[in-house]
**Student:** 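Take this structure, written in structure tokens, and hold onto it; I'll ask about it next.
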Amino acid sequence: MTNGPRFRFAPSPTGSFHVGGARTALHNWALARRLGGTFVLRIEDTDEARNRPEWTQGIIDALAWIGISADDPHFEGPHFQSEYAAAHVAAAHRLFEQGDAYYCDLSGEQIQERAKELGLSGYDGHSRDRGLGPGPGRVLRFRVPDGITVVNDLVRGEVSFENSTIEDFVLLRGNGTPVFLIANVVDDIEMGITHVVRAEEHLPNTPKQQMLWQALGHEPPQWAHVPVLVNEQRKKLSKRRDKVALEQYRDEGFLADAMVNYLMTLGWTPPGAEESGSEIASWPEIEAAFRLEDVTHSPAFFDVKKLAAFNGDYIRMMPLDEFIERAGAELPIEWDRARFTAIAPHIQERLTTLTEVPDKVDFLFWPDDSPIEYDEASWDKAFAADWARPLLDDVLEAYGAIAEWNADALKVALEDVMARYELKLGKAQAPVRVAVTGRSVGPPLFESLEVLGRYETLRRLSDANERAAARAG
RNA sequence: GCCCCCAUCGUCUAGUGGCCUAGGACACCACCCUUUCAAGGUGGCGGCACGGGUUCGAAUCCCGUUGGGGGUGCCA
């Protein structure tokens with residue numbers, strides 16, 4: 001608990017954690033920490049249709065993954081909106097008693113009919129002065145006052161709304177339960193929230209909420225509406241169409257640091273990016289520099305390609321032992337760790353995500369004497385030239401005679417052979433690589449052979465030789 | 001329909017009236033390096049939506065147009 005400004009992040013539990021939510025959480029978190037304030041987590045669980053207890057843990061875990069730790073002194077919560085239901089209702093009743101709200105007994109169909117007749121788009125304020133009291137099936141509506149509501153937004157400046165365009169919105173449903181608008185405001189008031197930083201889609205709600213704050217006798221908070229994240233069609237990222245689950249990116253081998261860094265570059269630029277020629281920035285740097293005033297006003301496309309580029313950078317920046325540990329976790333349990341450790345430095349700079357690791361090194365873990373699965377396209381290309389088979393033959397002989405089985409010796413031996421064919425290393429290594437790994441691309445060849453060992457290397461070379469002979473014949 | 005927001009390279013952005021012949025990042029292309037593939041280096045392609053103002057001067061200010069997006073529930 002701190003005395004500074006109080007921010008809040010108020011997701012509704014829906015099963016997976018949206019990357020857009022992660023971004024706004026990060027915004028709130030950066031500000032709360034830098035300003036010596038508090039990040040309040042509130043679970044908006046009042047919609048019973050979509051709410052399960054395990055979703056809450058999912059949110060906490062997701063936040064922890066991106067560095068928003070419930071153990072941090074700047075973190076408060078989780079609070080549950082459902083636990084404040086009595087306060088929501090009480091506030092609504094108070095509004096009724098003050099005359100700021102009134103009951104209405106019109107059904108949805110009736111409202112639509114009236115609107116159609118009157119040429120309006122929504123509720124016409126039919127019950128404003130009918131003096132109805134509470135009763136079953138009656139909703140409580142807020143009496144929107146005349147005038148103009150000006151929302152002061154930290155990212156957009158002043159946004160004004162003509163109150164006449166805002167209909168008298170519902171506070172309490174026919175069954176007496178509160179709706180989001182009032183629940184949200186009452187919670188924010190109860191929790192002493194000073195800054196509401198959320199996605200732009202909430203901007204149209206804001207005048208209504210501001211009126212509620214005022215009617216309830218409080219100064220509205222500082223509002224800030226950050227632009228939404230969109231897909232390639234420029235539509236708001238949605239769970240239905242788009243890949244938005246943070247957990248999914250995590251499972252696909254994306255690093256939290258890369259995700260956080262990338263998310264923060266959407267709508268904002270880390271300091272010094274232009275001078276350094278890089279948008280890579282550590283969280284402390286980001287936290288120290290992030291300001292709502294600097295956030296862009298237009299929606300940003302969530303570009304997985306760029307995320308992947310960041311991820312590759314972050315993998316390369318990892319200390320080797322950390323890389324070995326984390327990449328090793330992606331490997332099948334039965335694969336020999338020492339063997340992986342030996343090849344690890346050679347694959348670290350060749351990755352985009354951690355989950356690619358097994359495919360990069362699998363040839364080192366095939367059981368001895370098992371048949372090699374060749375990629376046919378690679379094979380055909382590597383053995384197309386007529387020198388390929390004789391060269392492989394010579395390499396097999398030369399490697400059989402190698403005294404010290406290490407990368408340098410293996411390279412020298414191949415260079416001796418290829419000289420006879422007047423080939424360059426780039427070409428000469430191709431048949432050897434395909435023979436041993438089954439593919440035309442992979443980690444540096446001689447290091448791979450060193451790790452693979454003499455026995456398997458010779459055996460695979462020999463197998464390939466036979467196959468090449470069979471095909472030639 | 002109505003309300004609100006937005007508009008710089010394909011994408012993310014820098015830019016707050018002269019420093020802009022518009023800068024960087026991702027992507028793409030070429031070259032270099034090279035043991036394949038990467039990584040790295042160098043270079044290139046590519047943008048201020050349009051039209052009016054204001055001003056000595058506009059990417060930057062104003063108006064309009066067009067185009068996008070969001071909201072418009074007894075969901076959150």
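Residue numbering restarts at 1 for every chain, and letters A, B, ... go by the order of the sequence lines. Keep in mind that what you see is a predicted model, and the values were worked out from it rather than measured.
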**Student:** Please report, rounded to the nearest Å, how far the P atom of G40(B) is from the CE atom of Met317(A).
**Tutor:** 11 Å
**Student:** SG of Cys104(A) to CZ of Arg130(A): how many Å apart, nearest 0.5 Å?
**Tutor:** 6.5 Å
**Student:** Name the nucleic acid region contacted by Arg439(A), choosing base, sugar-phosphate or nothing; use a 4.0 angstrom heavy-atom cut-off, strictly under.
**Tutor:** nothing
**Student:** Which part of the nucleic acid does Lys411(A) contact within heavy-atom distance under 4.0 Å: base, sugar-phosphate only, or nothing?
**Tutor:** base
**Student:** Does any N or O in the side chain of Arg350(A) come within less than 3.5 Å of the main-chain N or O of Pro443(A), such that one atom is a donor and the other an acceptor?
**Tutor:** no
**Student:** From CG of Asp124(A) over to P of C2(B), roughly how many Å is that when rounded to an integer?
**Tutor:** 19 Å
**Student:** Among C6(B), C4(B), C3(B), which nucleotide has an atom closest to any side-chain atom of Val159(A)?
**Tutor:** C4(B)
**Student:** Reckon Lys236(A) has a side-chain N or O less than 4.0 Å from the OP1 or OP2 of G71(B)?
**Tutor:** yes
**Student:** What interatomic distance, in whole Å, is found between P of C45(B) and the corresponding atom of A25(B)?
**Tutor:** 15 Å
**Student:** Would you say Asn311(A)'s side chain and Thr352(A)'s backbone share a donor-acceptor pair under 3.5 angstrom?
**Tutor:** yes
**Student:** If you measure from the P atom in U66(B) to the same atom in G23(B), how many Å do you get, rounded?
**Tutor:** 33 Å
**Student:** How would you summarise protein contacts on nucleotides 22-32 of chain B per nucleotide, using B for base, S for sugar-phosphate only and - for none, with heavy-atom distances below 4.0 Å?
**Tutor:** -BBBSS-----
**Student:** Taking the side chain of Val179(A) as its heavy atoms from C-beta onward, which of C37(B), A76(B), U13(B) lies nearest to it?
**Tutor:** A76(B)
**Student:** Looking at side-chain heavy atoms only, is the closest gap between Leu246(A) and His18(A) below 4.5 Å?
**Tutor:** no
**Student:** Reckon His202(A) touches a base, only the sugar-phosphate, or nothing at all at heavy-atom distances under 4.0 Å?
**Tutor:** base
**Student:** For U11(B) versus A27(B), give the span between their C1' atoms, rounded off to a whole number of Å.
**Tutor:** 8 Å
**Student:** Categorize Pro443(A) for me: base, sugar-phosphate, or nothing, with a 4.0 angstrom heavy-atom threshold over every strand shown.
**Tutor:** base
**Student:** Answer yes or no: is there a donor N or O on one side and an acceptor on the other, between the side chain of Thr296(A) and the main chain of Gly267(A), under 3.5 Å?
**Tutor:** yes
**Student:** Which is true for Ala300(A) with a 4.0 Å heavy-atom rule: it touches a base, it touches only sugar-phosphate, or it touches nothing?
**Tutor:** sugar-phosphate
**Student:** Among C5(B), C12(B), G69(B), find the nucleotide with the atom closest to the side chain of Val228(A).
**Tutor:** G69(B)
**Student:** Need one value for Pro299(A): base, sugar-phosphate or nothing, where a base atom within 4.0 Å counts as base even if backbone is also close, heavy atoms only.
**Tutor:** sugar-phosphate
**Student:** Output the single nucleotide from U35(B), C6(B), C74(B) whose closest atom is nearest the side chain of Arg173(A).
**Tutor:** C74(B)
**Student:** Remember a base hit wins even if backbone is also touched, and classify Leu423(A) as base, sugar-phosphate or nothing at under 4.0 Å, heavy atoms.
**Tutor:** nothing
**Student:** Determine, stepwise, if the pair Asp362(A) / Arg439(A) fulfils salt bridge (Lys or Arg N to Asp or Glu O under 4.0 Å).
**Tutor:** CA-CA 11 Å; Asp362(A) 58 354; Arg439(A) 296 185 293 259; 2.9 Å; yes
**Student:** Please classify the nucleic acid contact of Arg141(A) as base, sugar-phosphate, or nothing, using heavy-atom distances under 4.0 Å.
**Tutor:** sugar-phosphate
**Student:** If you assign Gly108(A) and Leu445(A) each to the RNA chain B nucleotide with the nearest heavy atom, which residue ends up on the more 5' nucleotide?
**Tutor:** Leu445(A)
**Student:** Considering every strand shown, what is the Watson-Crick or G-U wobble mate of G1(B) when both distances are under 3.5 Å?
**Tutor:** U72(B)
**Student:** Map Lys208(A) and Tyr262(A) onto RNA chain B by nearest heavy atom, then report which one ends up closer to the 5' terminus.
**Tutor:** Tyr262(A)
**Student:** For Thr206(A), report the nucleic acid contact type (base, sugar-phosphate, nothing); a contact means any heavy atom under 4.0 Å.
**Tutor:** nothing
**Student:** Heavy atoms only, 4.0 Å cut-off, all strands: where does Glu447(A) land among base, sugar-phosphate and nothing?
**Tutor:** base
**Student:** For U11(B), does either OP1 or OP2 sit under 4.0 Å from a side-chain N or O belonging to Thr265(A)?
**Tutor:** no
**Student:** Got a sec, which residues hit salt bridge (charged side-chain N to carboxylate O under 4.0 Å, His left out) with Asp394(A), two or more places apart in sequence or on another chain?
**Tutor:** Arg420(A)
**Student:** Quick one: look up who C28(B) pairs with, Watson-Crick or G-U, both distances under 3.5 Å, and put none if it's unpaired.
**Tutor:** G44(B)
**Student:** So for Arg350(A) and U36(B), does any side-chain atom that can act as donor or acceptor lie under 3.5 Å from a complementary atom in the base?
**Tutor:** yes
**Student:** Examine Arg141(A) relative to Tyr102(A) and say whether NZ or CZ is less than 6.0 Å from the centre of the six-membered ring and inside a 45° cone about the ring axis.
**Tutor:** no
**Student:** Nearest to the side chain of Ser298(A), which nucleotide is it out of G69(B), C74(B), U8(B)?
**Tutor:** U8(B)
**Student:** What's Asn205(A) touching, base or sugar-phosphate or nothing? Going by heavy atoms closer than 4.0 Å.
**Tutor:** base
**Student:** Could you please name the partner base of A7(B), counting Watson-Crick and G-U wobble pairs only when both distances are under 3.5 Å?
**Tutor:** U66(B)
**Student:** Are the charged groups of Arg291(A) and Asp294(A) less than 4.0 angstrom apart, N to O?
**Tutor:** no
**Student:** Atom CG of Leu410(A) to atom C1' of U36(B): distance rounded to whole Å?
**Tutor:** 16 Å
**Student:** Using a heavy-atom cut-off of under 4.0 Å over every strand shown, decide if Gly267(A) touches base, sugar-phosphate, or nothing.
**Tutor:** sugar-phosphate
**Student:** Could you verify whether a donor N or O on one side chain and an acceptor N or O on the other, from Ser107(A) and Gln110(A), lie under 3.5 Å apart?
**Tutor:** yes
**Student:** Can you tell whether the side chains of Glu44(A) and Arg42(A) come within less than 4.0 Å, N to carboxylate O?
**Tutor:** yes
**Student:** Can you tell me how far P of G15(B) sits from NE2 of His297(A), to the nearest Å?
**Tutor:** 11 Å
**Student:** Taking a pair as Watson-Crick or G-U wobble with both distances under 3.5 Å, which nucleotide is matched to U36(B)?
**Tutor:** none
**Student:** When the distance from CD of Glu356(A) to P of A38(B) is rounded to whole Å, what number comes out?
**Tutor:** 12 Å
**Student:** Roughly, in whole Å, what's the span from CZ in Phe446(A) to P in U35(B)?
**Tutor:** 9 Å
**Student:** Rounded to the Å, how far apart are Glu232(A) CD and G69(B) P?
**Tutor:** 13 Å
**Student:** Find the distance Glu158(A):CD to C6(B):C1' and express it as a whole number of Å.
**Tutor:** 18 Å
**Student:** With sugar-phosphate meaning primed atoms plus P, OP1 and OP2, does Val139(A) contact a base, only sugar-phosphate, or nothing at under 4.0 Å between heavy atoms?
**Tutor:** base
**Student:** Where the side chain of Arg433(A) is concerned, which of U35(B), C12(B), C74(B) is the nearest nucleotide?
**Tutor:** U35(B)
